[in-house]
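Worksheet: one structure, shown below.
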Amino acid sequence: MLLVFGLPVPLEAQTITLGATTTTENSGLLGEILPQFAVATGLNVQVVVQGSGAILKLGETGDLDLLLVHDRIGEDRFMEAGWGELRRDVMASRFVIVGSAEDPARIRGLGDPVSALRQIAETGNFFISRGDESGTHAAELRLWEGAGLAPQIDQPSWYRQSGAGMGATLNIVAGLGAYALTDIATWLGFGNRAGLEIMVGGTDPRLAEPGLANPYGIILVNSVRHPHLDTDAARRFIDWLTGPEGRAAIAGFVVSGEHPFVPTGGGE
Amino acid sequence: MGFLESLSEAAGLIAGFDRDLAEIIVLSLTVNLTAVACACLIGLPLGGAVALYRFPGRQFVTIAIDAFMGLPPVVVGLVVFILLSRSGPLGVLGLLFTPTAMIIAQTILVTPIVAALTRQIIADLWLEYGEHLRSLKAGTMQSVMTLLWDARFSLITVALAGFGRASAEVGAVMIVGGNIDHATRLMTTSIALETSKGNLALALGLGIVLLSITMSINALAYFMRARAGHMAAFA
């Protein structure tokens, strides 16, 4: 129900509200695939962009129909608690560690992200964390755990939390000549690299090193918990996104000449 | 990124004038102006009444209204968000992530500015004309109405101050609107989004467009006031 004073708002009942991570929006993926879905089905998808943690909370409160997120542990917890009706794999992407071209911590070309982080900690160069409970933040914390470190608790002077989205964080990283973990899609589409380069990892999601894999899932919010939700339209979106057309749209998405996403959906 | 590059981005945005930009500008103006209109409907009589009526706790109300001029947009956004969320007390209305939610948040932000400035203007006028109004045996309500009408040109400036607050803020509309493309994306939230994508020239270009719109609206108000003032002087 949209009670508005004659404002230019799409008033058709068939509007789906999708919560999506900043990475899928900032990279331009949604801007490319949602119009294709609209043409195929006549359904309109409205996108609210936040980190995965915030998106999952908006699912709990019933403010979103669908959640496109990348925090597998958080997703499983959400499903176990009964907030979701259905979860499917959508696509795989990957993370990379970026830093200033001077590379003061000498991590360029390291094959293992965990040893790279350890080296950054030892040399005490700035590392900017998202610090916002996003999927990327969760992945970063898992890497620190693998390194046997907990800078988010110890708060050393070289570890800073931006509390912002991926792009906003990269602006800070560029400004400070620091290091950061970023998803490859946002990195490829990012316009203000200012001397930053990829230090660890490559652009192909299929070749992600352990710890740098970045799988995305889509969740249908439970309409038993939230009876106002229109799950028919939302289900059609999931079917489309994980079906042949959606998979082709994801596989065909190109940023800076690279394919940052590989479709993984399709299985029931 | 140079400043010149942003200027040319802004010029390109205005010259190219694509439909998306037009939509964002129209929605921004609709939300901001509706919020200011609602704030004036509440704030003008409220400010006038607090200026002239004598009641217990009047000082406290005056201080509270003055203080609320400094309401942080993010806090207002958060409170409106919690109220309008499906799990909140007003969740059944389904207003979260709609333009109406943004209008509600901005009305809350702008009303104290309108009320506080109106109260001051009417209180000052009362010092000047109070005795005269009393000698005409005007009631308090009638006095409020008369003084509001007399102060109408000053009150346009009050409305413009409110518009300035509404058109410049991003914290509240970002939270309650969700910055949804083609639905709740405004000028300020677009600028925040483009900045987060690292498109700094485009973001600054949008900023320059926003500033030009604010400037045009203030110019329009200035000339309307000047013309009306001129006519009034020779009436």
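The chains referred to below are lettered A, B, ... by the order of the sequence lines, with proteins before strands, and numbering in each begins at 1. These values consider heavy atoms only, across backbone and side chains, with no hydrogens, waters or symmetry-generated copies.
With hydrogens and angles disregarded, no donor-acceptor distance shorter than 3.5 Å links the side chain of B/N179 to the backbone of A/V49.
Only the side chain of A/L64 comes within less than 4.5 Å of a heavy atom in chain B; its backbone stays farther off. Using a 4.5 Å cut-off between heavy atoms, A/D63 contacts chain B through both its backbone and its side chain. For A/L30, no part lies under 4.5 angstrom from a heavy atom of chain B. Both the backbone and the side chain of A/V48 come within contact range of chain B, judged by heavy atoms closer than 4.5 Å.
Interface remark: of the candidates A/T22, A/T61, A/T186, A/T61 forms the most heavy-atom pairs closer than 4.5 Å to chain B. Interface remark: of the candidates A/A194, A/A164, A/G62, A/G19, A/G62 forms the most heavy-atom pairs closer than 4.5 Å to chain B. When each of A/M166, A/R193, A/H228, A/Q50 is scored by its heavy-atom pairs under 4.5 Å with chain B, the top score falls to A/H228. Comparing B/I180, B/L193, B/L202, B/T184 by heavy-atom pairs within less than 4.5 Å of chain A, the highest count is held by B/I180.
The number of heavy-atom neighbours closer than 6.0 Å to CD of A/E133, taken from other residues, nucleotides and ligands shown, is 12 or below. Counting heavy atoms of neighbouring residues, nucleotides and ligands inside a 6.0 Å radius, atom OH of B/Y222 does not exceed 12 of them.
Rounded to the nearest 0.5 angstrom, B/K197 NZ and A/E25 CD are separated by 5.5 Å. One distance of note links OG1 of A/T15 with CZ of B/F97; it measures 14.5 Å at 0.5 Å rounding. Between B/S87 atom OG and A/R225 atom CZ the span is 11.0 Å, to the nearest 0.5 Å. Rounded to the nearest 0.5 Å, atoms CG (B/D181) and CG (A/L34) are 9.5 Å apart.
When all heavy atoms of B/N199 and A/G191 are compared, the closest pair comes out as OD1-CA, 4.2 Å.
At a cut-off of 3.5 Å, with distance as the only test, no side-chain donor of B/R86 or A/H226 sits close to an acceptor on the other residue.
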